[in-house]
Structures are given as structure tokens and as C-alpha cells.
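Please read the structure below before turning to the comments.
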Amino acid sequence: MKFRSLRRALAALLTTVTAVTAGLVMVTAPASAAAFCPGPTPDEWSYNTRTVVLPGKPDVNLAVSLCFYDEVGFYQAVQNIEWASTTGGNGFGAKFHYFYGTVWVQKSDVNMCSGTAHPNINPYSSGSLAHSCTWKSANTSGMSADGKIVYDIADDGEGEKVWQLTGTS
């Protein structure tokens, strides 16, 4: 079990090093998106990517993993948001008027708990933030993690955008 986790982490690192060495900046799914989930291997996970086009500024690649942990009566949904500028540079002003992610434990299409985080994405060319919510229940059927990203791009005049993420099954 430990060898498999190490092998996944090394594969993800090798993918990143290869992309950087080749002069490419891209968001690709790792060998196992569960590698982007904190802590032990999740019971379920999903991995979502998107490039946000910013007017007059370097675009931002987003990678968001949703992780679902079932710990005998406690259910935790974790959202891990990672971002990277397509050029690596950052002195271009505010990227977003606002940017936040929300994650929830869902039971048969009903949100049982939710958590929202506001990563400080504007001043950094790259970074990450993980946040979660936990729900306690003896009923284990129909549980999953789901989430969304909400943002308003600075200087595009289009207003709020909502990215509904693919949740766990």
C-alpha cells in the first residue's frame, strides 16, 4: 500500500518536472488524482481542470480535486484547489474581483454540510488551498462529495461565472 502511494506521488512529480523541463505549463491529470487528496487515500475522488482566460493578463490553469472519506459514521468532503499562471509571472494586477470554492457532502442529492474557502489567488502566480466539511450520520447510502468554483474575472465586463464540478459517485 505504501509503495503504491509513493509510486503515484513520484509519477505526478515526474509529469510536473517533464512539463517544466520542456518549457510547457499545463494542467494534466496525474497518474492518480487521489494524489491531490490530503491524508489517506480517499474512498472516492474526482478531478476537474479548466483554463480561465484573463484579458490582458496571463491565463490561469485550475485543477480541483474533490475527495470523499467515509470514516464509520463520519463523512468528509474535501476540495483541493490548485492554480498556476500560464506564464509563471505575476505583476499584472488583479485577476479576479472574487474567487471562491465550495464543497459539500451530498446524500441522495441533498447537501448535508458545506464549506467555502476564498483562496488568495490574485497576488500569486501559483498556489493551492484545501478545505472541507464533515457530516456525522449512521446512514451510509447515497453519499458523495460535490462542489463548485465561483469567480468574477477582473476587467472582462461579464460578471460572475459558476463552474459546477464533477463530483464523486
Side-chain angles (χ1 to χ4, degrees), residues 1-16 19 26-53 59-84 95-122 124 126-153 158-169:
M1 181 72 167
K2 289 182 183 180
F3 178 72
R4 223 177 314 164
S5 296
L6 178 60
R7 188 172 55 192
R8 276 185 259 156
L10 289 174
L13 178 62
L14 181 59
T15 300
T16 302
M26 59 186 173
V27 176
T28 58
S32 168
F36 286 93
C37 294
T41 302
D43 295 290
E44 300 173 3
W45 54 268
S46 71
Y47 188 73
N48 302 259
T49 62
R50 170 175 283 189
T51 298
V52 178
V53 177
D59 298 339
V60 175
N61 290 324
L62 298 172
V64 182
S65 56
L66 293 172
C67 316
F68 181 72
Y69 299 92
D70 178 352
E71 296 295 329
V72 187
F74 289 92
Y75 304 94
Q76 183 178 35
V78 176
Q79 183 181 67
N80 188 38
I81 304 167
E82 296 184 338
W83 68 91
K95 301 173 190 91
F96 300 95
H97 293 297
Y98 57 86
F99 184 102
Y100 64 89
T102 301
V103 64
W104 55 86
V105 171
Q106 186 167 294
K107 178 175 174 38
S108 303
D109 295 330
V110 175
N111 296 353
M112 307 312 289
C113 71
S114 67
T116 299
H118 302 268
N120 194 5
I121 197 169
N122 277 332
Y124 301 105
S126 65
S128 66
L129 176 73
H131 64 106
S132 68
C133 75
T134 304
W135 182 60
K136 181 180 178 182
S137 174
N139 187 341
T140 62
S141 63
M143 307 290 275
S144 63
D146 210 342
K148 66 182 177 181
I149 301 292
V150 178
Y151 56 93
D152 183 7
I153 298 171
E158 293 184 21
E160 179 176 285
K161 294 178 178 33
V162 179
W163 177 22
Q164 296 290 343
L165 303 170
T166 300
T168 64
S169 55

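We number each residue from 1, following the sequence as shown.
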N/O donor-acceptor pair under 3.5 Å between Asn48 side chain and Thr166 backbone: yes

With a 4.5 Å heavy-atom cut-off, do Val64 and Trp163 have their side chains touching? yes

Which distance, rounded to the nearest 0.5 Å, do you find between the SG of Cys37 and the CD of Glu44? 11.0 Å

Any non-hydrogen side-chain atom of Asp70 less than 4.5 Å from a side-chain atom of Met143? no

Rounded to the nearest 0.5 angstrom, the OG-CG distance for Ser132 and Leu66 is 12.0 Å

Heavy atoms only: give me the nearest Ser128-Glu82 pair and the separation to one decimal. CB-CG, 3.6 Å

Roughly how far, to the nearest 0.5 Å, is OG of Ser65 from OH of Tyr47? 7.5 Å

Should we count NZ of Lys161 as having more than 12 external heavy atoms under 6.0 Å? yes

Give the ring-plane orientation class for Tyr75 versus Phe68, where under 30° counts as parallel, over 60° as perpendicular and anything between as tilted. parallel

Considering all heavy atoms of both residues, which atom of Ser46 and which atom of Thr168 are nearest to each other, and what is their separation? N-CG2, 4.0 Å

Is there a side-chain contact between Phe99 and Ile149 (heavy atoms, below 4.5 Å)? yes

Does the side chain of Tyr69 come within less than 4.5 Å of Pro40's, by heavy atoms? yes

Least distance between heavy atoms, Asp59 atom then Thr51 atom: CB-CG2, 4.0 Å

Which atom pair, heavy atoms only, marks the closest approach of Trp83 to Asn120? CZ2-O, 4.0 Å

All heavy atoms of Leu165 vs all of Asp146, minimum pair found to be O-OD1, 3.3 Å

With a 4.5 Å heavy-atom cut-off, do Ile153 and Glu158 have their side chains touching? no

Fit a plane to each ring of Tyr100 and His118, take the angle between them on a 0 to 90° scale, and name the class: parallel (under 30°), tilted (30 to 60°) or perpendicular (over 60°). tilted

Nearest heavy-atom neighbours spanning Ala77 and Ala145: CB-CB, 3.6 Å

Out of Val78, Val105, Thr102, which one pairs with Cys133 under the side-chain contact (heavy atoms from CB on, under 4.5 Å) rule? Val105

Donor-acceptor contact present, side-chain Lys95 to main-chain Asn122, <3.5 Å: yes

May I ask you to test the Trp104-Lys148 pair for a side-chain heavy-atom distance under 4.5 Å? yes

